[in-house]
Every structure is written in C-alpha cells, then in structure tokens.
Amino acid sequence: MEYAIELRHITKTFGSVIANNDVSLDVRKGEILSLLGENGSGKTTLMNMIAGIYYPDSGEILVEGKPVEIRSPKDAYAHGIGMVHQHFKLIDVFTAAENIALVLDKHEKYDIKAIKAKAREICDRYNFEIDLDQKVYEMSVSQKQTLEIIKMLYHGAQLLILDEPTAVLTPQETEKLFAVMRNMREDGKSIIIITHKLHEVLAISDRVAILRKGEYAGTVETAHATESSLTEMMVGKKVELNIERPDPVNPHLRLTVHNLTVQNAEGVKILDHVSFDAFSGEILGIAGISGNGQKELLEAIAGLQNPDKDSSIVYYPDDDRDSTAEQLIGKTPKSIRELGIHLSFVPEDRLGMGLVGSMGMVDNMMLKSYTEGSSFIADRSRPRHLAESIKDELGVVTPSINTPVSRLSGGNVQKVLVGREIAAAPSVLMTAYAVRGLDINTSYTIYHLLNEQKQKGVSIIYVGEDLDVLIDLCDRILVLCGGKCNGIVDGRKATKEEIGLLMTRLKEDQEGGVA
Amino acid sequence: MDTLIAWILRAIPFGTIIMYGALGEIITEKSGNLNLGVPGIMYLGGFAGFASAYLYENSVAEPNMVFCVVLALFCAFVAAMFGGLIYSFLTISLRANQNVTGLALTTFGMGVANFFGVFILDGRTATQSLVYKTFQTKIPVLSGMGVIGQTVFGYGFMVYAAIVLAIILHHVLSHTRTGLNLRAIGENPATADAAGISVTRYKYLATCLGAGISGLGGLYYVLDYNQGIWATTGQIEALGWLAVALVIFTTWKPLNAIWGSYLFGMLYWLYQFLPTLIGFSVPGYITDLIQMVPYLVTIAVLIITSLRKKREDQPPASLGLAYFREER
C-alpha cells in the first residue's frame with residue numbers, strides 16, 4: 001500500500017495543554033480521508049503540523065515513505081501538501097490570478113498571463129467554475145474556497161487538507177465541492193477533510209480517522225461505519241441521538257409578524273412579506289439555505305433592521321391580547337427593553353455581534369446590565385456572580401472569568417453567550433445557528449438549555465441548518481426561501497424531503513405571503 | 001498669461017517637493033505602516049543633504065560638481081532612511097503605536113535638523129555654491145523655446161526625476177512580484193506570511209526606502225525651492241503634512257501623485273495668482289484661509305472615495321496595525 005503521508009507518534013503541546021498526544025495515522029494515495037473529532041480534539045492542530053503552521057514537539061512525518069521536516073508553509077508546498085484553512089488566506093483586493101501568483105516560487109517568472117493559462121487548465125481538468133480576473137472581495141464564500149483549492153493544486157499539491165469546508169456552504173455548493181473532490185481523487189490526489197457532519201463523512205470519504213481528546217482513536221472503512229458507530233468512537237461513550245421535545249404547555253400568542261419586508265442597501269428585498277405567529281412555550285424553527293433572510297428576520301424582531309412601512313411585528317406580553325400589545329417596528333433595542341420586553345438574541349456572529357472578544361466573561365455580562373441601578377459607579381459584583389454561575393452550570397472551560405473570550409474555543413464562547421442571554425429571563429429567545437461549529441456534547445447542552453427555556457414559557461425562535469435537528473427539536477418549522485415564507489410545517493410530522501423541497505423551490509401562490 | 005505662467009512656475013517646484021514626500025509615503029503605507037513622521041523625515045533629508053554639500057564645498061579647493069550633487073542626494077537619502085529605520089524598529093520590532101511613533105519622529109526630525117542647521121550652518125546660504133547651481137540648471141535649449149519651454153522644461157533635474165520615479169514605482173507596485181508581495185503585506189500580513197513572504201523584511205525595506213524618497217523632497221526644498229538657504233522656519237513641516245494629505249488624495253497610486261502634486265501646488269498658490277488673473281483683489285488676511293484649499297480637496301476626496309466604497313481606492317487594509325504572527 002502506498003501512502004501519501006504517514007504521521008508517527010506526533011505530540012504537540014501548548015504550554016500545559018496537550019493538543020495532540022502520540023497520534024499516528026496515514027493517508028493512502030488517491031483516497032479521501034475524513035478526520036473526525038469533537039471540538040478541541042486536536043484535528044486542526046494536527047493538520048497545521050502537516051501544513052507547516054506548527055512544528056511537532058516529537059514524532060515523525062513521512063511523505064511518500066520518506067521522513068521530512070516541515071517547518072513552514074513553504075516547506076509544505078515543496079512536499080506537495082496544501083491546506084485550505086477555515087479562514088481563507090486570500091487578499092481581498094487582488095484578483096484570483098494575483099492570489100495564485102502570490103505563493104509562487106521566487107525564481108519563477110512573474111507572468112500573469114502564463115499563470116492564468118495554467119490555472120485555467122487546472123479548472124478545466126477538475127471542473128472548477130471560477131473567473132480568474134474577479135476580485136476576491138466580489139466572490140462568494142464558495143468561490144473563495146474554490147480559489148483556495150485551485151491555488152493549492154497550482155502549486156502542485158498532491159495532498160489537500162480541507163478544514164471544515166462545508167461549514168460555510170449551502171447544500172448545493174457542498175454537492176459541487178464533493179463532485180470536485182471525487183474528480184481529484186480519480187486523478188490520484190489524496191484529500192483529508194475535517195468535518196463535524198456525520199452524513200457528509202459517510203457520503204464523501206473512503207476511510208474515517210477519529211481523534212478523541214487529542215489522541216488517536218482509530219481509523220475505520222467508511223463502508224463499515226454508521227452515524228452511531230462513528231459518534232460512539234468520537235465521544236468514547238454512547239450518546240443519545242434523540243433530542244427530547246416536551247409538548248408545549250399552555251401556549252399563547254407571543255409575537256405576530258405580519259408582512260415583514262426588509263430591503264438591503266441596494267434595494268433588494270431580503271425579506272419579502274413574511275408573516276407568522278410565535279407562541280410562548282414552543283420552539284419555532286427557521287429552516288432555509290443560508291442567506292435567505294434568516295439573519296435579517298431575527299434582527300428585524302430585535303430592532304436592528306429598518307423594515308418597510310407596511311411591516312408589523314406585534315408583541316403580546318400575556319394572555320390578554322389587546323390591552324398591552326406593543327408594535328415593535330420602529331423601535332430600537334433600547335426602547336424595546338425599556339418597555340419591559342425581554343428579547344434575547346444569540347447572533348450568528350458570536351464575537352462580532354454577541355460578545356466583545358477582548359473582554360472577559362464578567363465584562364461581557366456587564367454589557368447587558370451596566371445601565372441597571374442608580375449608582376454612578378457600575379455594579380461589578382452581580383455580573384461577576386453571573387459569570388461564575390454560567391461557568392459552573394454550563395461547564396465553560398476558561399482559565400479565569402476575566403480571560404478575554406476570544407481566547408476560548410468556539411463551543412465555550414457560545415456557552416458564555418447563550419448563558420448570558422438566558423440569564424436575562426427573556427420572553428422571546430432568538431438563536432441563529434446556535435450549534436454551528438460545536439461538538440455533539442456541547443450541542444446537546446444547548447438543546448437542553450433551549451428546552452428548559454421552552455418549559456418556562458419562553459417563545460423560542462431557532463434558526464438552524466441541520467434538518468435532522470430541526471425536525472427533532474422544533475414544534476413548528478418555518479421555511480424561508482428567497483426571503484419569502486415558503487410554508488410552516490409541524491415538526492412532529494414533517495419529513496426532511498418535505499422541508500428540503502420547501503427550501504429550494506418557491507411555492508407559486510406567494511401573494512402576500514403565507515399566514 | 002504672464003500670471004498663469006508665473007503661477008505654473010511656482011506650482012510645479014512646489015508640487016515636486018510634496019511629490020517626493022508622497023511617493024515615499026505611498027511605499028511606506030503600502031507595507032501597512034502609517035508613518036506620520038514624513039515632515040520630520042523631510043527635515044532630516046533636507047538638512048543632511050544641504051549640510052554635506054556645503055561642508056564639502058567649503059573644505060575642498062576645487063569641488064567636483066557631480067560628486068557634490070551625488071553627495072547631497074546620498075546624504076539626504078541616508079539621513080532620511082535613518083529616520084525610517086527608527087520608525088521601523090519601534091513599530092515593527094517593538095510594535096509601538098504607529099501614530100505616536102510617527103508624530104514623535106516629526107518632532108524629532110524637526111528638532112535635530114534645526115539644531116544642527118543653526119549650529120553648523122548658522123543661517124548661511126549656499127546661493128553661490130555648485131550644488132545649488134546644479135539643482136537649478138534648467139534643461140538646455142528646450143527651456144528657451146517660448147512658453148512651452150519655460151513651463152515644461154524650465155526646471156531643475158529633480159522635477160523630472162520625480163516623474164520618472166513615480167512611473168517606476170507604479171510599474172513596480174503593479175507589475176512585479178516585489179510589488180505584489182508588498183501590497184499583499186499591506187492588505188493582509190498573515191496571508192502574506194503564510195505564502196512565505198518575509199513580512200518583517202519587506203516592512204523594514206519599504207519603510208526605510210520610502211523615508212529615503214520622502215527625504216529627497218526636503219533636499220529639493222532647501223536646494224532649489226528655497227534657493228539654497230537653510231532657514232529654520234516651519235515651512236518643511238507644512239509641506240510634510242501636505243505630502244501625507246497627497247497620499248490620501250492619490251488613493252495610494254503613484255501615478256496620481258504626479259498630477260495631484262501639481263494640482264496641490266496650483267491650489268496652494270491660488271491666493272497669490274488667481275485674484276490677479278481674474279482681476280480681483282483679496283485682503284491679506286484671507287491668504288491663510290485660501291492656502292487651506294489643498295486640505296479641503298483632500299477631505300473632499302476622502303468623502304467621495306468613502307461614499308463610492310470602491311475597494312481599490314481604500315487604504316491598505318492593515319494600515320496602522322502591527323503584525324503579530326502568533327495572534328489568533
């Protein structure tokens with residue numbers, strides 16, 4: 001058996017934290033290997049050592065049977081290894097071709113025409129669709145990813161490492177990526193794909209290597225694996241795959257959204273006459289291919305968007321509908337809060353909109369409470385208690401509650417954010433991709449927290465991407481397509497196919513939206 | 001007509017000074033370093049170039065003309081590079097705040113140049129010197145050919161050298177690997193680093209070379225524009241800030257610096273010539289207000305480019321930020 005790369009007894013530590021401990025694994029020529037593991041299991045660190053970002057403390061790397069030293073990304077290129085990181089390494093104001101040229105060997109002539117010709121050849125060979133003269137800032141995420149892959153192939157990569165490539169892609173884009181990956185495999189290239197999504201692992205890979213808490217847990221042939229067997233290997237213990245779904249208790253109307261229309265700066269309707277009701281004590285799921293108005297929908301309710309005139313979002317505090325109903329359109333988040341309405345919002349961009357990365361947990365708690373009380377000096381003790389209780393109850397792994405949250409892993413950041421939003425005792429809780437990038441255990445912690453809130457009578461709006469989770473968790477699911485409400489289905493009866501169809505194909509009777 | 005010619009004759013040398021300043025600063029800023037020490041650097045260049053040529057001429061019986069000019073240029077360049085080196089060490093190696101470092105460099109350069117300027121030169125002039133004459137020499141024959149000759153060819157060699165330099169810099173930035181790498185560093189140093197480009201080396205080189213080029217502006221000011229007189233006025237500082245404004249005006253493109261600098265020169269001298277040109281008298285106290293016009297134009301350019309949001313016209317994305325490799 002010929003191997004593209006072999007790792008032998010690789011160990012890497014950061015201070016006192018062991019990121020990888022005695023990991024040995026190999027990749028055959030012309031195969032797609034999935035690298036699976038929970039958050040913080042050391043997948044990215046291990047791959048960064050192959051790509052020359054880090055250097056292992058001990059152990060050996062063999063490329064095509066020969067031991068090699070990889071001390072920089074340049075060394076990795078020289079050995080035919082290319083890695084596509086989660087954060088693309090591209091220059092926004094350069095064209096695709098210029099970005100490819102940037103990594104060229106110094107001795108090679110700088111001739112943009114020749115570079116383009118060679119890149120075009122690669123595109124044709126593997127069926128990539130890209131405009132080499134397009135500037136990167138004009139590209140979609142999927143196009144940028146394509147460019148990264150072309151860049152690696154251009155530099156002669158025989159082994160490609162893709163770090164969670166599908167996390168940012170729509171299902172169609174994912175399919176396209178998989179098709180290209182299969183083309184590359186046919187051509188004898190080896191590919192390592194890091195992913196959290198088990199169905200993708202099963203769909204694309206030949207073998208699956210599993211890391212557990214920095215250690216190698218084994219490699220299995222994909223043909224012999226199932227979702228539950230992989231989960232078991234990954235977490236080390238049997239995880240209950242069923243998400244609990246308590247029945248809504250005494251639901252009453254909490255929020256009526258009617259004809260909600262939001263336009264972006266270019267005048268394009270991002271939301272187009274969306275109408276729905278949300279009830280207390282239920283989880284309303286929002287499904288849709290990403291970028292179909294999910295973000296704007298939540299932001300409009302939170303008072304962060306500027307909807308059109310005929311839009312209406314009415315909030316009902318309790319059972320009696322008419323006396324204290326409040327129109328939320330035209331109000332700022334602050335004025336909504338001053339009305340005594342507690343809307344909590346867990347945004348998609350956790351460190352951008354949700355938390356301040358350079359501040360610790362305590363200060364992030366204070367962002368919500370600094371106006372409380374009448375004292376001139378802000379009260380720091382309550383935020384500190386809150387931070388401590390969130391750390392204990394949700395198991396946030398952090399050296400101290402004052403450590404900047406940007407140093408925490410994605411899952412822990414999310415726990416801090418969700419913990420803070422829940423602590424505000426909301427009547428409406430909105431979450432956007434609450435479990436994106438989280439491992440299975442953390443995801444379940446989040447689901448559990450949402451169910452707790454649901455039982456307390458909170459109306460929850462859950463924007464999700466994993467249809468299985470949506471169907472298992474939500475009472476009703478609203479499907480957005482092209483900014484329109486394309487139907488609301490019962491979470492207990494709906495099928496994946498039904499929702500998938502609603503996501504991709506707009507119903508014809510769309511006059512005025514679906515109530 | 002005469003007024004217009006006089007205006008152009010005033011504006012182009014004036015523009016040349018800030019063109020050097022701006023070209024150097026464009027190179028510096030393309031590497032992501034916002035060097036606000038341009039005025040100080042121009043002081044250093046102007047002083048060192050002038051003093052070296054002056055001392056050489058006064059200590060040798062028969063000074064060589066070519067050597068004298070080369071010496072002035074070389075010393076101006078090296079002294080200004082030294083200013084750039086201080087800036088680079090503080091901001092690149094020690095990661096000091098770029099704005100504070102730049103402003104300190106301005107004060108430092110001004111102080112050093114004025115102190116030694118007075119100490120060594122004591123207000124002396126070099127109007128009879130070889131180096132001044134050489135800097136003043138117009139293009140022979142062509143400059144005698146009427147109005148065109150006067151306005152196009154009637155300047156010292158530094159005016160034409162600035163244009164050539166702008167074209168060379170444009171070519172280097174747009175069409176060579178060095179330029180590509182430099183732009184990449186100014187936009188996204190982490191990406192450039194991952195591509196195997198030595199960020200630190202490029203930043204040092206670009207900042208020092210840029211400072212050297214800016215320093216030539218100071219030299220040109222002293223030896224040509226100010227007619228070989230070392231005067232401890234704040235004029236170089238004003239020109240230095242104008243050069244920084246010009247960088248924004250050009251939207252970081254060397255070719256725009258050519259016409260932009262002349263335009264700034266015309267606008268700066270607007271107060272003296274335009275009223276005469278249109279037969280209108282302006283009270284003296286308004287002139288300071290009119291000299292503000294180049295800055296107003298710069299602000300207008302900032303507003304327009306911000307409104308248009310064209311990415312190519314924006315400053316390098318990492319301008320003003322120190323680069324830490326380990327940061328995640």
Side-chain angles (χ1 to χ4, degrees), chain A residues 14-15 44-45 48 51-54 71-78 82-95 97-113 115 135-139 144 148 151-152 155 265-266 351 357-358 404 406-410, chain B residues 26 29-32 95 168 170-203 205-206 250-253 305-319 321-328:
Chain A
F14 294 103
T44 303
T45 306
N48 275 339
I53 308 283
Y54 300 138
R71 290 192 172 271
S72 72
K74 280 247 149 171
D75 290 351
Y77 289 141
M83 178 159 172
V84 177
H85 297 266
Q86 266 177 296
H87 302 285
F88 302 134
K89 303 225 179 275
L90 297 170
I91 308 282
D92 278 352
V93 294
F94 283 11
T95 64
E98 282 177 323
N99 268 291
I100 293 171
L102 199 62
V103 209
L104 282 184
D105 199 323
K106 273 190 193 113
H107 308 292
E108 239 174 286
K109 206 173 152 243
Y110 179 67
D111 179 352
I112 207 85
K113 266 190 198 150
I115 291 165
K135 294 267 166 83
V136 171
Y137 66 81
E138 292 168 337
M139 292 183 179
K144 288 180 195 177
E148 280 279 30
K151 202 168 95 179
M152 297 307 155
H155 297 295
E266 282 82 44
L351 285 178
S358 58
S406 61
R407 299 234 189 102
L408 309 186
S409 74
Chain B
I26 288 175
E29 293 196 10
K30 279 290 179 189
S31 78
R95 299 189 182 115
I168 292 173
H170 165 75
H171 178 78
V172 169
L173 280 176
S174 310
H175 302 294
T176 68
R177 185 186 309 288
T178 311
L180 190 78
N181 291 352
L182 184 64
R183 285 188 289 141
I185 287 166
E187 289 294 332
N188 189 338
T191 297
D193 197 14
I197 301 163
S198 171
V199 175
T200 306
R201 208 179 78 208
Y202 265 89
K203 277 197 165 214
L205 278 174
T250 64
T251 61
W252 293 265
K253 293 178 189 72
T305 52
S306 302
L307 286 179
R308 283 175 62 208
K309 287 192 179 113
K310 204 175 154 211
R311 285 293 295 270
E312 285 79 0
D313 291 343
Q314 300 303 316
S318 87
L319 184 62
L321 306 174
Y323 173 57
F324 298 83
R325 181 181 262 191
E326 296 304 324
E327 203 171 52
R328 58 171 200 174

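A, B, ... follow the sequence lines: proteins, then strands. Residue 1 opens every chain. Given the structure is predicted, the values throughout are model-derived calculations rather than measurements.
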By a 4.5 Å heavy-atom criterion (distance strictly below it), what part of L90(A) contacts chain B: side chain, backbone, both, or neither? backbone

So, for F94(A) and L102(A), which heavy atoms are closest and what is the spacing to 0.1 Å? CE2-CD1, 4.2 Å

When the 4.5 angstrom heavy-atom criterion is applied to K151(A) and chain B, the contacting part is neither

Examine the side chains of S72(A) and K74(A) and answer whether a donor and an acceptor come within less than 3.5 Å of each other. no

Could you tell me which residues satisfy salt bridge (charged side-chain N to carboxylate O under 4.0 Å, His left out) with K144(A), sequence neighbours excluded, listed by chain and number? none

Using side-chain contact (heavy atoms from CB on, under 4.5 Å) as the criterion, list what pairs up with T45(A), not counting sequence neighbours. K12(A), F14(A), A19(A), N20(A), M49(A), Y54(A)

Heavy-atom pairs under 4.5 Å with chain A: which of A192(B), A184(B), A190(B) has the most? A184(B)

